[in-house]
Amino acid sequence: MEYNAFASLAHFRILLLPVGSISRNTFDQWATEIRTLENLRLSDIPPGTKDEKARFMPSPKSKGYLHLCFPTHPPSSSHFGMSLFRPSHFPLGVIGIASCSQTDSLSSITAEFNAAVKDLFPPDCLYPLAKSCFVFEEGDGTTNLNLGDHLPGLVIIPSMMGNKKENIETLLADLCSNILAEFSTVTSTLESSLGNEHLNGSLFPSLPSAADFPIPLVDEEPESFLRLPSHNSQPDLSLGLIRRGTSPMLGAKRNPSSLVGQPAGSMRQSSLGPPTARKRQTLIGAASSHGRLFKVLGDFFLLAGRTEDASVWYTEAVALFKTSNDPVWYASALEGLATVALVEASGLGFNAPVNTGKEPWGDISEKLEQAIALYAKPGPLSESDQRFDLLAYIYTVAILRQGFLLFSTWAAKGWGPLAFTVLMHPGPGPYVLPTLSHPDSHLPSNHDRLSSISGVTRPQMAAVISQAHGPWLLHLGHRERMVILESIAYLYSSLGYRRKEVYILREVVGCIMDLVVCAREKAEPAFSSGITVNGTGSGDSGAVAVKGIERSTGNESVLKLVKHICDVHGINLEAVRFVDTANQGTEKEGGVPQDTNSDDLLEDPYGWPELQIGIIREALSVAEALPDPPSVAQFSLSALKALHTVLGDDDQYYMYNASSEALTAAKRRGETRVIDFWSGRPVISIELIQPPLSRSLVENPISVLARRKSEAAGRLPQMTDPFLYNPRKSVATRGNTLVVTDEPLEFVLTLYNPFVFDLEIQSLSLSTSGVPFDTKPISMTVPACSYHPVTLSGTPLEDGILVIKGYHVQAPRGAPREFLLPQATADEEDHRSRRQSLAACESGRTKYSGLDSRPGKSGKRISSFVSSSSSRRTIPKFLECTVVPEQPLLRIRWSSLTHSAVMLYNGEGSTLRLTLENVSSLPIDFLRLSFDDSTMAPARAALTEGDLSVYDVYETEYQLINQPVFSWDREREDTEIPRGRKVTITVTCTGKVGCTSGCIFISYGYLRRPQSNLSRPSETFHTRQVSYPVIVTVYHMLECHNMDIFPLVVGDYEAEKTPENRSQALFNDVEEEGWCLFTIDVRNTYGLPFEVTLERVQKGVAPASTNCTVAPGAMKRMILPLKKIQLPEAVTSQAIPMLSDRQFVVEKTKLSLEEDKLQRELFWYREELFKSVHGHWREAGGSRSGELSFREQQMTLPMLEILRTESTNIHLELFRRGTEADEERIPILRTGGTYYPAPYEFVYLRMRIANISLQPLVLTADTIVDPADHAIQEGATSGLPIGRLESGAERELETPLCFVACGRFRVHVEARAISATARDAKVGVATLKATVREDNPR
């Protein structure tokens, strides 16, 4: 960047020019050495001659400095019109820098130097005023240094010279002395009447040529005339055009009082001293003002370091400009006064008084403001003076000069030496103060502190700087416009206005691209002629166009500028990187979850999408115009990756096509780098396709083989747990997926394409670790804006752990990249949601202003806060597979079922046979069968819900365990199948109401595998499973209802004794005492008759059975005598057992102790009853048979009391007595257990009560006659005292009874124990039947 220094009007410019074959590094080395001489003391400058050329020469005791500036670029040719208006803008001298070795010729170096100077400056240009060529010797000093007398202006600096800097300083002093001498020559020309007329003839005049001067009338001595340098082709003033003494004596009337009384030696310092001995007569006409001449004199004196003289001439010029209409020169004089004030204040010139009434820089700023206002209104201009490019240039430079004044004061914390250093710095770049170079200089707090200390605010500076930007910049050339815009951008950047900076930089880029286009238009004719083909000229159709070599020099800087512009607007043009193929390594992304993960933390959108899209288009246009194909591809793909949500369809298509063409062009041009994968994370999930059930593996502990012996046959044991919910078991169940070595695996990868075009993927493969995994990449195309699943397959080659870390993906003409894709576990999801909550809270709590809210800036702060708040880091969990050794394979070869269907009656048993074939190369030495049917799922669901009572839980588990649909006796089957052999197994199928389907699972494995080493055998083994589904149809034909238990009265059956009654044999050996009757109703709901049989199997009692045929739709009651049973209290007090291995079941209803005891007694007596009574059925006239289940029948408390043996034995008997004196007992007729007393006479009821329990009882008796209204009983009928009966003792009681009506009567006697609970008080019951008739014997 060219630097517009504030004190540029005081800078003595000397152009540094490379000459000959000097290298760039050597030139930069000596140029840097020369630039260290920024200030040259006036006392070190040789005084030169004492004639008119000594006018600007300093005296040997001068205290001032020459402020040297050494640019390396000449001014624009369009600015040569300002040669008199602003001499500080041009190089006053030229220094050629060359290197000389043994092979170089000094004469050729001199010729090249003179030719280079002539090429840079046109013949009519006033500058440079002096030139010199510094030749630095290379090597060991053996170069021929014989110059002779024919190489003037060439200086050899030997390599053996010790202190070259002092020598260079001396040479610079001589050069500056020559330039100051030429100042006098120029001013002498301008002081003539013709020169002054030329100076006032136009807005930007030039030095008059020789043709503009009249022929002299009197010849003068040639040596007395003034001469201009011969190289710039100015008229030779020694030919008598200007006579000695014709120069005006301008100092006689304006002699500064400060110089009165000074010695004669110091009078040479100023041209305003008393007149010399030779009087001069003025030739300036009345029509021409000499304000411009005074202003030019002020410029020369300022450049010469004589600030006091410059101030006097500027002041005189300003006084004249106030009365004339010359605002541009007036403004320039004001700028000169402002520069003089700065030089004097900096201490490098004479001290100037300071006005303490306002800010120290206030006077300078006011002069600059006045100058800017004058530049803005130059007044009416003639057609020849309409140099809008120069007017716009000096106007913007003046604005920037004021802006740099305020900026330097602000950055230096006020007016002082540090500010003077910045303002006087000659370049080539701006001087950066420490206040703007430390790491925290960009913070708003630092800017506010500088404003508070200096008294200059940032808005104040920005308001001044903004005046330089406007439509007048279009009048400037491309170079001048870039210089101005770069200065504005630098100031905005230093002030922290980054958006304003990049707004200006966008115009800078536009200027650069305009220059590129202009350069190409100039270069096109050089390549349009073509070459001759077969003698045909270039204008014929046989011409072949020649394409020039495209140079990429400078492209990187332009692109860096473009990237900076986009970065400030929140666009990351380096979101997609290039990878060097020479050191290509797959870049990892994902890995261990970071705190700054974009998928975790929330970021507010930054910037305006419309503006960002426009900037992206500009960036692409710049990259395409350079051209730079890699950058075109990078910019396009980065924009697609970062801004695809806001880009339109046309933009996405264009950028994608542009990137493809750019990558192809870059590869064709030899680009070794390739683009990284750019489409974010295309795969969102990886899932393993589970193998079919026939190839699935189940891991079992070796311990289940020992437990197998105690379990029901035909069921493969699983890991049981006594708890309904065991979190450790649930964690252990979620283990790795089991796969087999050398068997193919398939994975489903779900890809997402967010773009409007089809996304091409050249290569996609899995990224694994652990055991070797053989997989092949695939290529594919993902449709636009859609999710697309794809299947990848591979084969594990060894047993061990296979980890699927992620995937490798590669785009066309791109580099492969690895992405890690952890599984989303519950802990990670919880951790991620917690982080997002913290990030959302933090982002809403703090608002970041300006560029701090850009993506990646605020995100870093939020990420650091979240990281400090949630220090717990989760270890990523990847998809893992446990690869086990090779396993056998089994298939079902044959089945005895047709269409896998079976039809059964309820309770009917049938067998089916399956033929199994081992189709693998390994034997099978482990074979187990397990079953499932449609009734198991509802039962298990009911058990899992836990809403059942303890009794219902037992019944449900009983149905599942003891009444399965399928069963298998493995003790009778062969469980080993050699390789290539077949085995037939038999499975029993039992009909069960509600069952519609079932499945047979055959688990098999290879356990006794040979060990490859002496290591400890594994504690687990693996099995596979093959299933055989079965369709089951069960016909429900017999239903059982109304199960009941009655007391047994033998006489009831004696009356019904007939030859046809086959059930009479059941009562032959049955007594009333200790027996009861079991009854149940059987109903036939099917269309065929069935024979039903009840069997009694009781210990100590001979077996008995009864049967009957139940016709379709009929119901019959079946009766079976049972001997009463008495269970020990140790049995009835036990809790209802759990048939499963669960530890406990919580009862939903709360029962009292009495209710719980009764429930247990009912349960255990019911179980004992079902052990004694069994039911069977057979199809009438057929061979199909089965079991009849009573499990759905319930036992009630009356049934329990009858079935259970009483604690006492009561024997009842009726008799009558004779006369009163006769105590003989006369028995009453009894037939079949029924007494036949006569009516209307008293009979006696004798009760013999015996205690048959093991404990003594205190008893009472209750008698009940039914119907009671037709019988008379003497004495108390309830609570008859029996007394205490020891175990085995008995006692008799008699009570009178009279039947007053004929009919059937029942007499019930109940024995009750005193001090027992209400339910346990009744310990014995007896019933007597009586039939009262008139014809009964008396």
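- Residues satisfying the ring pair (Phe, Tyr, Trp, His ring centres under 6.0 Å) criterion with Tyr393, sequence neighbours excluded, are His79, His89.
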Could you please spell out the steps behind the side chain to side chain contact (heavy atoms under 4.5 Å, CB included) verdict for Ser132 and Val155? CA-CA 7 Å; Ser132 180; Val155 180; 3.9 Å; yes

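- A distance-only check finds no donor-acceptor pair linking the side chain of Trp313 to the backbone of Leu293 [under 3.5 Å].
- The ring-ring contact (aromatic ring centres under 6.0 Å, His included) contacts involving residues 167-194 comprise Phe56-Phe183, Phe183-Phe300, where partners must be two or more places apart or lie in separate chains.
- Taking all atoms of both residues into account, the shortest heavy-atom contact from Leu175 to Lys131 is CD1-N, 3.9 Å.
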One pair to check against side chain to side chain contact (heavy atoms under 4.5 Å, CB included): Leu16 and Phe27. What are the steps and the verdict? CA-CA 9 Å; Leu16 301 181; Phe27 175 77; 4.2 Å; yes

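- Smallest separation of non-hydrogen atoms from Leu476 and Arg481: O-NH2, 3.2 Å.
- For Arg401 and Ser8, the side-chain atoms include at least one donor-acceptor pair closer than 3.5 Å.
- For Ser311 (side chain) and Thr307 (main-chain N/O), no donor-acceptor pair under 3.5 Å exists by modelled atom type.
- Here Arg292 pairs with Asp326 under the side chain to side chain donor-acceptor pair (under 3.5 Å) rule; sequence neighbours left out.
- Between Ile179 and Phe12, some side-chain heavy-atom pair lies under the 4.5 Å cut-off.
- Residues Ser59 and Ser62 bring a donor and an acceptor atom of their side chains to less than 3.5 Å of each other.
- Looking at Leu190 and Leu84, their side chains come closer than 4.5 Å, going by heavy atoms from C-beta outward.
- At a threshold of 4.5 Å between non-hydrogen side-chain atoms, the residues Pro426 and Arg13 do not count as touching.
- Residues Cys100 and Leu106 are in side-chain contact: their nearest non-hydrogen atoms beyond the backbone lie under 4.5 Å apart.
- Side-chain N or O atoms of Glu112 include one that pairs as donor or acceptor with a backbone N or O of Gly20 at under 3.5 Å.
- Listed for the Ser332 side chain is no donor-acceptor partner under 3.5 Å among the backbone atoms of Val328.
- Ser192 places no side-chain N or O within 3.5 Å of a backbone atom of Ser188 that could act as its donor or acceptor partner.
- Ser78 and Leu390 make their closest contact through O-CD2, 3.6 Å (heavy atoms, listed as atom of the first residue, atom of the second, distance).
- Residues Pro74 and Leu15 are in side-chain contact: their nearest non-hydrogen atoms beyond the backbone lie under 4.5 Å apart.
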Steps toward side chain to side chain contact (heavy atoms under 4.5 Å, CB included) verdict (Ile14, Cys176): CA-CA 9 Å; Ile14 300 176; Cys176 293; 4.2 Å; yes

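- With Arg35 contributing its side chain and Phe70 its backbone, the two residues share a donor-acceptor pair below 3.5 Å.
- Taken to the nearest 0.5 Å, the CG atom of Asn114 stands 12.0 Å off from the CD1 atom of Ile109.
- Aromatic ring orientation, Tyr431 versus His425: tilted (interplanar angle from 30° to 60°).
- The heavy-atom pair separating Val19 from Gly96 by the smallest distance is CG2-CA, 3.8 Å.
- In this structure, Ser408 contributes its side chain and Val422 its backbone to no donor-acceptor pair below 3.5 Å.
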Run the side chain to side chain contact (heavy atoms under 4.5 Å, CB included) test on Asn178 and Leu129 for me, step by step, so that the C-alpha distance in whole Å, both residues' side-chain angles and the decisive distance to 0.1 Å come before the verdict. CA-CA 8 Å; Asn178 296 332; Leu129 301 177; over 6 Å; no

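- For the pair Pro91/Phe121, a side-chain contact is recorded, criterion being any heavy-atom separation below 4.5 Å from C-beta on.
- With rounding to the nearest 0.5 angstrom, the CD1 atom of Ile34 is 5.5 Å from the CD1 atom of Ile168.
- Summarising the geometry of Arg86 relative to Glu335, their closest heavy-atom pair is NH2-OE1, 2.7 Å, with the distance given to 0.1 Å.
- Taking the six-membered ring wherever Trp is involved, the centroid distance between the rings of Phe134 and Trp30 does not fall below 6.0 Å.
- Within a 6.0 Å sphere centred on CD of Glu556, heavy atoms belonging to other residues, nucleotides or ligands number 12 at most.
- Here the OG atom belonging to Ser177 is positioned 3.5 Å from the CE atom belonging to Met57, to the nearest 0.5 angstrom.
- A 4.5 Å side-chain heavy-atom check between Phe136 and Thr26 finds every atom pair outside the cut-off.
- Taking the charged nitrogens against the carboxylate oxygens, Glu33 and Lys164 have no contact shorter than 4.0 Å, which rules out a salt bridge.
- In terms of heavy-atom proximity, His198 sits nearest to Pro205 at O-CB, 3.1 Å.
- For the pair Arg479/Leu515, no side-chain contact is recorded, criterion being any heavy-atom separation below 4.5 Å from C-beta on.
- Of the inter-residue distances, the one linking Leu297 atom CG with Glu191 atom CD reads 6.0 Å to the nearest 0.5 angstrom.
- The structure places CG of Leu423 at 8.0 Å from CZ of Phe420, a figure rounded to the nearest 0.5 Å.
- Note: Phe204 and Phe85 have perpendicular aromatic rings, judged against thresholds of 30 and 60 degrees for the angle between ring planes.
- Atoms CG and OH, on Asp44 and Tyr65 in that order, are 9.0 Å from each other to the nearest 0.5 Å.
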